[in-house]
Amino acid sequence: MATVLSGTSGALYYKPAGTDSTFKAANVTNASNSINVGTFLNFKVDDKVSFGTGTGGTLPGGLSASTPAFVRTYVAATGAATFAATAGGSELALSNDGTDGTTPFTIKFAEFQSVGDVREWSFEVTREEIDVTAIGGTLGQNAPFRSFITGFADGTGSATVYTTDDDTTIASRLIEDVLQRNQVGATFKLYTDLILTGSSPNDTTSRSIEFAAVLTSASYSVNPDDAQSVEIAFRPSAAPTFDFAKS
């Protein structure tokens with residue numbers, strides 16, 4: 001007999017907005033070990049990022065597509081960033097500018113982070129209906145039924161996030177991201193049945209919904225008796241991936 005899930009094992013994991021960009025060899029200054037990854041993005045010190053070579057390209061010397069790096073500095077107004085091999089480590093030396101391919105290099109936030117201060121989340125997917133009823137049919141004893149076909153899909157979601165006095169948490173970053181102009185990179189992974197292996201989600205045995213998102217609003221709730229919370233509203237910017245199989 002199947003087990004009905006209680007919802008107590010759910011969780012919300014998140015990749016921040018403004019942490020998905022591209023660059024070319026001309027954006028690399030190996031003399032100063034810096035890369036212009038794009039202005040007014042949302043990279044923070046010690047963000048773990050991964051690089052992609054692009055089609056036919058070669059990453060700047062010192063970077064590898066198979067080895068994540070950590071943001072050491074990022075200046076939003078200029079787009080200049082430097083990196084380290086470890087969080088808080090020394091500046092990573094770039095020995096050359098790399099070689100462009102037919103598509104640019106990529107830089108992305110490397111891993112989902114658990115938003116531990118979430119009280120609850122919800123997500124709804126809807127489909128449009130298009131009325132294709134034809135008039136002029138022959139009437140019988142019973143009323144004719146309208147005919148419909150399905151149209152585009154859409155979705156909406158929300159999460160209630162507790163606010164704390166630590167503005168470095170991923171929960172605080174999620175709240176702040178509502179104001180982030182460039183939200184490319186914002187990605188949710190909503191677990192309905194989270195199974196951990198060590199401290200990391202086991203995506204083979206867990207159930208989840210994953211999608212790139214746009215954050216649309218933040219509603220604050222403050223009173224003398226309860227913990228302060230913010231309700232974040234979002235919608236998918238691409239089709240969600242539903243993984244409800246434990247295999």
Trainee: Return the set of residues passing salt bridge (charged side-chain N to carboxylate O under 4.0 Å, His left out) with Arg119 (not counting sequence neighbours), or none when no residue passes.
Mentor: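 So Arg119 forms no salt bridge (charged side-chain N to carboxylate O under 4.0 Å, His left out) with any residue.
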Trainee: Considering residues at least two apart in sequence or located in another chain, which fulfil the ring-ring contact (aromatic ring centres under 6.0 Å, His included) criterion with Phe244?
Mentor: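 Residues passing ring-ring contact (aromatic ring centres under 6.0 Å, His included) with Phe244: Phe242.
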Trainee: Of all residues at least two apart in sequence or in a different chain, which pass the salt bridge (charged side-chain N to carboxylate O under 4.0 Å, His left out) check with Asp47?
Mentor: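 Salt bridge (charged side-chain N to carboxylate O under 4.0 Å, His left out) list for Asp47, sorted by chain: Arg173.
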Trainee: Looking only at atom types and distance, does a side-chain atom of Thr187 sit under 3.5 Å from a main-chain N or O of Gly185, one as donor and one as acceptor?
Mentor: yes
Trainee: Mind jotting down which residue pairs meet the ring pair (Phe, Tyr, Trp, His ring centres under 6.0 Å) criterion with at least one end in residues 19-74? Sequence neighbours excluded, please.
Mentor: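 Sorted pair list: Phe23-Phe105, Phe43-Tyr74, Phe51-Phe83.
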Trainee: Could you measure the distance from the CD atom of Glu128 to the OG1 atom of Thr150? Nearest 0.5 Å is fine.
Mentor: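 Rounded to the nearest 0.5 Å, the CD-OG1 separation comes out at 10.0 Å.
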Trainee: Tell me, please, which residues at least two apart from Asn202 pass side chain to side chain contact (heavy atoms under 4.5 Å, CB included).
Mentor: Thr197, Thr204, Thr205
Trainee: If Ile, Leu, Val, Met, Phe, Trp and Tyr residues are connected whenever their side-chain heavy atoms lie under 4.5 Å apart, and connections chain through other members, are Tyr13 and Val118 in the same group?
Mentor: no
Trainee: Search all heavy atoms of Val214 against all heavy atoms of Ser237 and return the closest pair with its distance.
Mentor: CG2-CB, 3.9 Å
Trainee: Can you tell me how far the CD atom of Gln180 sits from the CG atom of Leu41, to the nearest 0.5 Å?
Mentor: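 One gets 7.5 Å once the value is rounded to the nearest 0.5 Å.
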Trainee: If a pair satisfies ring pair (Phe, Tyr, Trp, His ring centres under 6.0 Å) and one of its residues is in residues 109-155, list it, with sequence neighbours excluded.
Mentor: Phe123-Phe211
Trainee: Going only through I, L, V, M, F, W and Y residues with side-chain contacts under 4.5 Å, is there a path from Val115 to Tyr220?
Mentor: yes
Trainee: Look only at the side chain of Thr216 and the backbone of Ala233, and say whether a donor-acceptor pair between them is shorter than 3.5 Å.
Mentor: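 A pair under 3.5 Å: yes.
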Trainee: Cluster question for you: counting only ILVMFWY and a side-chain heavy-atom cut-off of under 4.5 Å, with indirect links fine, are Ile209 and Ile232 together?
Mentor: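 As far as the 4.5 Å side-chain criterion goes, Ile232 and Ile209 are connected within one cluster.
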Trainee: Is there a continuous path of hydrophobic side-chain contacts, each under 4.5 Å between heavy atoms, that joins Val71 to Val28?
Mentor: yes
Trainee: Could you please spell out the steps behind the side chain to side chain contact (heavy atoms under 4.5 Å, CB included) verdict for Gln183 and Leu215?
Mentor: CA-CA 8 Å; Gln183 294 200 349; Leu215 307 176; 3.7 Å; yes
Trainee: What residues form a side chain to side chain contact (heavy atoms under 4.5 Å, CB included) with Ser32, not counting sequence neighbours?
Mentor: Thr29, Ser34
Trainee: Checking Asp226 against Tyr162: is there a side-chain donor and acceptor pair closer than 3.5 Å?
Mentor: no
Trainee: Any side-chain heavy-atom pair from Val230 and Val178 closer than 4.5 angstrom?
Mentor: no
Trainee: Say whether, by atom type as modelled, one donor and one acceptor occur between the side chain of Thr163 and the main chain of Gln228 under 3.5 angstrom.
Mentor: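 Flag set: sc Thr163 to bb Gln228 pair under 3.5 Å.
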Trainee: Do any N or O atoms from the side chain of Arg235 and from the backbone of Ala213 form a donor-acceptor pair under 3.5 angstrom?
Mentor: no
Trainee: Tell me which pairs pass side-chain hydrogen bond (donor to acceptor under 3.5 Å, both in side chains) where either residue lies in residues 82-92, with sequence neighbours left out.
Mentor: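 Every pair satisfying side-chain hydrogen bond (donor to acceptor under 3.5 Å, both in side chains) with a residue in residues 82-92: Asn33-Glu91, Thr73-Thr82.
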Trainee: Can you tell if the side chain of Leu92 reaches within under 4.5 Å of the side chain of Arg72, non-hydrogen atoms only?
Mentor: no
Trainee: Kindly compute the distance separating CG (Leu196) from OG (Ser206), expressed to the nearest 0.5 Å.
Mentor: 7.0 Å
Trainee: Where is the tightest heavy-atom contact between Ser66 and Pro68, given as atom of each residue plus distance?
Mentor: O-CD, 3.9 Å
Trainee: Are Ile35 and Leu94 close enough that some pair of their side-chain heavy atoms sits under 4.5 Å apart?
Mentor: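 Side-chain contact under 4.5 Å: yes.
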Trainee: With side chains defined as the heavy atoms from C-beta onward, is the minimum distance between Asn42 and Asn182 less than 4.5 Å?
Mentor: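 When only atoms from C-beta onward are counted, Asn182 and Asn42 do not touch, as no gap falls below 4.5 Å.
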Trainee: Taking only residues two or more places apart in sequence or in another chain, which ones pass salt bridge (charged side-chain N to carboxylate O under 4.0 Å, His left out) with Arg146?
Mentor: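 Once residues adjacent in sequence are excluded, the partners of Arg146 under the salt bridge (charged side-chain N to carboxylate O under 4.0 Å, His left out) criterion are Asp131.
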Trainee: Any side-chain to backbone donor/acceptor pair from Asn96 onto Gly61? Under 3.5 Å, distance only.
Mentor: yes
Trainee: Looking at Ala25 and Gly98, what are the two nearest heavy atoms and their distance?
Mentor: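 Ala25 and Gly98 have their closest heavy atoms at CB-O, 3.6 Å.
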Trainee: Tell me, please, which residues at least two apart from Glu111 pass salt bridge (charged side-chain N to carboxylate O under 4.0 Å, His left out).
Mentor: Lys48
Trainee: For a quick test of your reading: what N or O donor-acceptor pairs under 3.5 Å do the side chains of residues 15-22 make, sequence neighbours left out?
Mentor:
{"from": "Thr19", "atom 1": "OG1", "to": "Pro16", "atom 2": "O", "distance (Å)": "2.6"}
{"from": "Ser21", "atom 1": "OG", "to": "Val37", "atom 2": "O", "distance (Å)": "2.6"}

Trainee: Looking at every non-hydrogen atom in both residues, tell me the closest pair between Thr39 and Arg181 and how far apart they are.
Mentor: O-NH2, 4.5 Å
Trainee: Go through it in stages, so that I can follow the logic: the residues are Asp177 and Phe234, the test is side chain to side chain contact (heavy atoms under 4.5 Å, CB included), and I'd like the CA-CA distance, side-chain angles, deciding distance and then a yes or no.
Mentor: CA-CA 11 Å; Asp177 280 358; Phe234 49 85; over 6 Å; no
Trainee: Look at the side chain of Thr103 and the backbone N and O of Thr55, then say whether any donor-acceptor pair between them is shorter than 3.5 Å.
Mentor: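 Checking the backbone N and O of Thr55 against the side chain of Thr103, a donor-acceptor pair under 3.5 Å is found.
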Trainee: Closer than 3.5 angstrom, by distance alone: can the side chain of Asn36 be matched with the main-chain N or O of Thr78 as a donor-acceptor pair?
Mentor: yes
Trainee: Once rounded to the nearest 0.5 Å, what's the spacing between atom CG of Leu63 and atom OG of Ser50?
Mentor: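 Answer for the CG-OG pair, Leu63 versus Ser50, is 11.0 Å.
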Trainee: According to side chain to side chain contact (heavy atoms under 4.5 Å, CB included), who are the partners of Ala65, at least two apart in sequence or on a separate chain?
Mentor: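 Once residues adjacent in sequence are excluded, the partners of Ala65 under the side chain to side chain contact (heavy atoms under 4.5 Å, CB included) criterion are Thr53, Leu59.
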Trainee: What is the distance from atom OG of Ser208 to atom CD1 of Ile195, rounded to the nearest 0.5 Å?
Mentor: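 So the gap between those two atoms works out to 11.5 Å.
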Trainee: Is there a path of hydrophobic side-chain contacts, each under 4.5 Å between heavy atoms of I, L, V, M, F, W or Y residues, that connects Ile170 with Ile175?
Mentor: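 Same cluster.
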Trainee: Taking atom CG of Asp165 as the centre, does the number of heavy atoms from other residues, nucleotides or ligands within less than 6.0 Å exceed 12?
Mentor: no
Trainee: What's the separation between atom CD1 in Ile149 and atom CD1 in Ile130, rounded to the nearest 0.5 Å?
Mentor: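 If I round to the nearest 0.5 Å, the distance is 4.5 Å.
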